[in-house]
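So the structure is just underneath, and the comments pick up after that.
Below, read A as the first sequence line, B as the second, and so on, with proteins coming before strands; counting in each chain starts at 1. As the structure is a prediction and not an experimental result, all values here were calculated from the model.
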Number of protein chains: 2
Amino acid sequence: MNLRQLSDLLGLSQTTVSRALNGYPEVKPATRARIEAAARAHGYRPNMRARGLATGRAMAIGHVIPVSTQHEIVNPIFADFIAGAGETYTAAGYDLLLSVVPDADEAQAYRALKARGAVDGFILHAPKTDDARIRLLGDIGLPFVVHGRSSGVTLDYGWLDVDNRRAFARATEFLIDLGHRRIALINGREALDFAARRRAGYLAALAARGIVADPALMTSDEMTEVSGYRAASAMLEAGDPPTAFLTAALIPAIGVRRAIEERGLKMGRDVSVVTHDDDLSYLANGDDVPIFTATRSSVRLAGRLAAEMLLARIADPAGPAATRLLEAELIVGRSTGPAPGRG
Amino acid sequence: MNLRQLSDLLGLSQTTVSRALNGYPEVKPATRARIEAAARAHGYRPNMRARGLATGRAMAIGHVIPVSTQHEIVNPIFADFIAGAGETYTAAGYDLLLSVVPDADEAQAYRALKARGAVDGFILHAPKTDDARIRLLGDIGLPFVVHGRSSGVTLDYGWLDVDNRRAFARATEFLIDLGHRRIALINGREALDFAARRRAGYLAALAARGIVADPALMTSDEMTEVSGYRAASAMLEAGDPPTAFLTAALIPAIGVRRAIEERGLKMGRDVSVVTHDDDLSYLANGDDVPIFTATRSSVRLAGRLAAEMLLARIADPAGPAATRLLEAELIVGRSTGPAPGRG
DNA sequence: GTCGATTTTCAAAGCGCTTTGATCAACCCA
DNA sequence: TGGGTTGATCAAAGCGCTTTGAAAATCGAC
């Protein structure tokens, strides 16, 4: 059923039917009611391509996911973010267009989406320090919001981020307060902006308490179980091992726990662990009492909020881009305790 | 840059330019080359809405993700599947349209996508036993492929599935061969078809060896770390605890390991664990030697293959729907060993 | 009843593309 | 030299919608 058929059926012009359905005021209430009833009865839905062609709007938001043999951006965090953003889009009548591309083609993918008129805006994931994609999106000219920030980019752009620096500084202070001095940082890849900020927070907190950072206690890698396990294993085997670990996500934290327990040590007693927790729906950090002490910030909520910011900007592209900084909470679980020998 | 501008620029008609770019034969090679060069130089890309309107094809595939307060389908498996399917779509010039809807609206979401002409086909995720959505999609009339199967649905439909029954039967036999008799099944929600099949495989293997299944050793729940932990904890505390666990995914298996080690037991020595492993990119089951003995089948590959099947069907909708059954491999890791007392 | 103002409805153009049917030029063979 | 083919290009219609500008219907006041 298309607009012409519907309007023929009603004995009205397409104009009137279109206006009635789109809420324009110049339609007699009785007529509007009749039209709406007929539309509902016949399950009429405007063809989105035709409408898009006429209005110039795609009613869709683009998310470009680069896949690489090197790094995995297809991670669980992404799934929850998408779910959050998707809820917002659906409620607002927007679709979510996912473009999975080899990472070498990422820039092309953004350009193509714009040139084909496929989307009205973008969300940019996992920004790196001084991320060239932000400038690219600026050039392209469609509204966009960055999930995270990118130090070094001077452009005015919209973003939504967690205060990663603060979160990791607080986590580090928390461990120092428990008497820990040998605190390891198992970080994500520090080319990623959020990882660099976390490291800065960690270093600042150590420095503030007069603790000299030990390069041997800092690693930066993909956030997988195995990388957490490997890094922690190596550090625990070395002389003067850490008494506490700070990890970038729950999954590497699970690897760290494996390394700890494999050595007959007990997490929370012999070795403490604090992780960042993205509050993923299917990977809860325990229930009543969290397994891991963590800096927590819901990535799903971030998705919802970022989507709202983007839709707002699409609706009104004027003015400076909005930014929003979320605070992570520090939740105490069973993975931390006083440094050994300080009971 | 649109088609008219490009053809004006070249002094040709839109017809000729369109034909040249779409590979039709009735264009002089020299002209075609000139057109292609100009198109490339100006970054011309056909507006997908206009093209879709003219051709009647959306060049997009719909994935509907129901979100619920009850169950989490937004799971890590989904992310990897999407990544696999997305690669195929991109290579074929298709887009991936993700629709995140409250689960009560799922049927409406499919209908709306069709009515709005937004997609050329669907992939259906996580089918339940006798899943009504399959009939719905049949009614709707757009091609679709189910990731999984649905017992009880008589309709002829396309699907791609892992032989879950066989996989879990083999895993169970493997444990029996190691001397285990008290084998627990920590299953996914058995309303989901794949979970029901796994249970059937497990029960069949026990029965074949004359072992009476114990209802106290079978649970069925969301596949989270916590649910794995809880189920395993309860069973280990009870009288006559299991000596081996079979879990539905890596994440609950991690919960099971936590329960085991929390009791001072050692996984692989005191208690064995076999899990299904979807071979997720960011949640590898160890590296050289797997952490968990597992039935492994790449969900990302499944995504790629399912997408190929769907695109093939869109290209040629005639004939019976294709189906494909993948075999899971049984890989031996460090989480299994002889039943205690049989060393 | 009439006239101007206000509602309400309509016809038609246009969004950017594909595709049908026609035109025009070039070619071949009788 | 002319008519039938073939090859290359074009003008125009149409996809289903929104939106502009005009027309028709209704209304209020005299």
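- For the atom pair B:D8 CG and B:S13 OG, the distance stands at 10.5 Å (nearest 0.5 Å).
- One distance of note links CZ of B:R49 with CE of B:M59; it measures 16.0 Å at 0.5 Å rounding.
- In this structure, B:T31 OG1 and B:I35 CD1 are separated by 6.0 Å, a value rounded to the nearest 0.5 Å.
- From one end of the helix from C:dG1-D:dC30 to C:dA30-D:dT1 to the other, with five pairs defining each end axis, the axis direction shifts by 50° (rounded to 10°).
- Electrostatic pairing of B:R304 and B:D80 does not count as a salt bridge here, judged by no charged N lying under 4.0 Å from a carboxylate O.
- Using a 4.0 Å cut-off between charged nitrogen and carboxylate oxygen, A:R149 and A:D131 do not count as a salt-bridge pair.
- Once rounded to the nearest 0.5 Å, the distance linking CD1 of A:I140 with CZ of A:R111 reads 5.5 Å.
- Of the residues B:L305, B:D161, B:V145, the one that meets the side-chain contact (heavy atoms from CB on, under 4.5 Å) test with B:R324 is B:L305.
- Taking 4.0 angstrom as the limit, A:T31 places a side-chain polar atom (N or O) nearer than this to OP1 or OP2 of C:dT9.
- Only A:G11, A:L12, A:S13, A:T15, A:T16, A:R19, A:E26, A:V27, A:K28, listed by number, bring a heavy atom of residues 1-29 of chain A to less than 4.0 angstrom from any atom of DNA chain C.
- To the nearest 0.5 Å, atoms CG (A:L113) and CG (A:D120) are separated by 10.5 Å.
- Partner of A:H125 under the ring-ring contact (aromatic ring centres under 6.0 Å, His included) criterion, out of A:F194, A:F144, A:F81: A:F81 alone.
- Here the range on DNA chain D touched by chain A, meaning any atom under 4.0 Å from one of its heavy atoms, is D:dG16 to D:dG21.
- Taking a cutoff of 4.0 Å between a charged side-chain nitrogen and a carboxylate oxygen, B:D130 and B:R135 qualify as a salt bridge.
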